[in-house]
Amino acid sequence: MHIDLDSFYASIEEVRNNSIKGKPIVICVYSGRTQNSGAVSTSNYSARKLGIKSGMPIVLAKRIAMNKEVVFLPVDIEYYREVSDRIMNLIEEESDTLEQVSIDEAYIDVTEKTNSNWNKAIQVANTIKQKILSQEGLTASVGIASNKFVAKIASDFQKPNGLTLVKNEEIIPFLENLKVSKLHGIGEKTARVLNEIGIETSKDLSKCDIKVLEEIFGKNKAKLLHDKSLGIDNSIVESKKKKQLSKIGTLKEDTKDKKVIFEKIIELSNELNQKIKRDNVSFRTVSLITIDIELKTHIKSETISQANDIQRAVPVFKQLLNNYIEKNSEKKLRRIGVRVSNLEFFNSQRTLDEF
DNA sequence: CGACGTGTAAC
DNA sequence: CCTTTTACACGTCG
């Protein structure tokens, strides 16, 4: 089963403030560069009808919103996480296994609990939907199928507040007419390449000779694409450990001034350190993410001995920045980020100052 | 085989 | 006009 909280951030804000309920709501990530620089994180369905969508520049959204009553709010991720945690706990209680994939999405396995009975699965889904509604005032869209991939697409089929069951014999007819870009894992690039060779729908893809796909995408990806077209997915529902933590930010203005950039690195490092402490992890690999004025991203990394505090990473960031500036003396930077990976989790038991 | 950089994808 | 965070595959190098 795949459970997707409907326009999560925007819906939470509606619950928080009854006076904006039903109005178009746009949740924004302000970059702090100018008054309205930044992007739209989430909009509710009322705002989507106007054409305000995720990822859109805020300035553009405001232009569309001109002369209309549209509510713009900044993201309050801390609060959304609290709500999310409560909901995930509630979902977990109704599941054999929970796999949370993001703040507003989860897969659950209910094979045991339902004895592989579709009707029982629908009951479980409705119980979960009802609890989320009564306890948090939010709606969710649910997809039920015999694998994660089909469940994911099913949850997207009727939104918001949907419930879609796809039984095994319904998988092919269900997928058949979908555009390839609707298949989870096929993004913009892959869809474009497929379109170029005349493949528009899932059906087209399933009929395409695997050899042809191998020519273009290589053996592994070809198999993956072919499986997707037939709704085949053997991956299991399992909770996964985080593999990296990062924090990225936008510079006040494009610059190549080492001092200015490093100040931002320090600021981001402190924020990243909070995450490191919160998750109680140590790290071995340290990366500096640079995004230049053309929005091209570069990542430079270095692996060090195990550390549990960002203090150990800061000199590495400095070094990586020096290297970058040396090699790209002409290029100004727009954004900068810090990342740690090669993580190891600790029991709260273990004392940390042994490093 | 581990480390690293890049591309793709999703949220 | 252009945010943030994470994952994973693949090629390459030593």
Side-chain angles (χ1 to χ4, degrees), chain A residues 2 4-10 26-43 53-64 74-75 77 80-81 84 99-107 148-149 152-153 155-156 180-194 217-225 228 235 240-251 254 268 271-272 275 279 284-304 316 320 323-324 327 333-343:
Chain A
H2 181 256
D4 196 335
L5 277 358
D6 300 318
S7 43
F8 188 51
Y9 297 176
V26 185
I27 310 299
C28 302
V29 183
Y30 291 98
S31 67
R33 160 166 283 226
T34 62
Q35 173 86 216
N36 284 323
S37 65
V40 171
S41 172
T42 317
S43 56
K53 307 267 170 69
S54 300
M56 175 181 273
I58 296 166
V59 214
L60 234 139
K62 293 218 165 171
R63 214 169 289 157
I64 295 172
V75 288
I77 196 75
Y80 306 155
R81 182 162 294 121
S84 171
E99 176 180 338
Q100 188 177 343
V101 280
S102 72
I103 196 166
D104 64 350
E105 250 183 80
Y107 293 101
K148 291 202 284 181
F149 173 73
K152 165 83 183 172
I153 298 171
S155 74
D156 192 59
V180 286
S181 59
K182 279 275 175 186
L183 303 181
H184 185 243
I186 300 185
E188 204 189 316
K189 303 276 179 180
T190 311
R192 201 182 330 129
V193 174
L194 289 172
F217 298 101
K219 212 166 192 316
N220 286 337
K221 194 164 182 193
K223 169 90 170 101
L224 229 65
L225 289 172
K228 283 184 193 303
S235 66
K240 289 176 180 162
K241 283 189 177 162
K242 213 172 281 187
K243 304 212 166 140
Q244 54 179 236
L245 293 170
S246 64
K247 189 76 198 172
I248 182 167
T250 303
L251 276 339
D254 301 337
L268 293 164
E271 289 162 5
L272 182 58
K275 293 193 189 190
D279 287 353
R284 285 196 54 218
T285 302
V286 175
S287 313
L288 186 72
I289 305 160
T290 51
I291 299 165
D292 63 29
I293 49 177
E294 287 143 29
L295 297 175
K296 268 190 78 71
T297 304
H298 291 275
I299 302 171
K300 298 290 174 201
S301 311
E302 198 168 304
T303 298
I304 60 173
V316 184
L320 291 169
N323 294 159
Y324 178 86
K327 287 195 88 178
L333 289 184
R334 181 184 176 90
R335 307 174 62 212
I336 189 86
V338 291
R339 178 171 88 182
V340 292
S341 54
N342 232 318
L343 304 181

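Predicted model, so just to flag it, every value in this text is computed and none were measured. All heavy atoms count here, side chains included; hydrogens, waters and symmetry mates do not. Every chain is numbered from 1 and lettered A, B, ... according to where its sequence line falls, protein lines coming before strand lines.
Here dC11(B) presents its P atom at 8 Å from CG of D4(A), a figure rounded to the nearest Å. Atom OH in Y80(A) sits roughly 18 Å away from atom P in dC11(B) (whole-Å rounding). One interatomic measurement links the two molecules: CZ of F217(A) to P of dG7(B), which rounds to 17 Å at whole-angstrom precision. Going from atom CG of L224(A) over to atom P of dA9(C) covers 9 Å, rounded to whole Å.
Contact between the side-chain N/O atoms of H184(A) and the OP1/OP2 oxygens of dA9(B) is not found at any separation under 4.0 Å. Using a 4.0 Å cut-off, some side-chain N or O of S301(A) falls inside it from OP1 or OP2 of dG5(B).
Put simply, the side chain of S41(A) never gets that close to the backbone of C28(A): no donor and acceptor are under 3.5 Å apart.
A side-chain donor from one of N36(A) and K62(A) sits under 3.5 Å from a side-chain acceptor of the other. A donor and an acceptor atom, one from each side chain of S301(A) and T285(A), are nowhere located under 3.5 Å apart.
Among the nucleotides dT6(B), dC11(B), dA3(B), the one closest to the side chain of S102(A) is dC11(B). Distance from the side chain of K221(A) is smallest to dT8(B) among dA3(B), dT8(B), dC11(B). Residue N220(A) has its side chain nearest to dC10(C) when only dA9(B), dG5(B), dC10(C) are considered.
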The test is side-chain contact (heavy atoms from CB on, under 4.5 Å); show your working for K300(A) and N323(A) and say whether it passes.
CA-CA 9 Å; K300(A) 298 290 174 201; N323(A) 294 159; over 6 Å; no
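Applying side-chain contact (heavy atoms from CB on, under 4.5 Å) to V338(A) and the options V286(A), L288(A), I248(A), L245(A) leaves one that passes, L288(A). For the side-chain contact (heavy atoms from CB on, under 4.5 Å) with F8(A), the qualifying choice from T42(A), D104(A), I27(A) is D104(A), the only one to do so.
Nucleotides dA10(B) and dT3(C), compared at atom C1', are 14 Å apart to the nearest Å.
In this structure, R192(A) reaches neither bases nor backbone, as no heavy-atom distance under 4.0 Å exists between it and the strands shown. Contact annotation for I103(A): no contact, since no heavy-atom pair falls under 4.0 Å across all strands. K152(A) comes within 4.0 angstrom of the backbone, heavy atoms only, and of no base.
Contact check on D254(A) versus R33(A) returns a salt bridge, with a Lys/Arg side-chain nitrogen under 4.0 Å from an Asp/Glu carboxylate oxygen.
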Per-nucleotide protein contact along nucleotides 1-7 of chain C, 5' to 3', at a 4.0 Å heavy-atom cut-off (B base, S sugar-phosphate only, - neither), is BBBBSBS
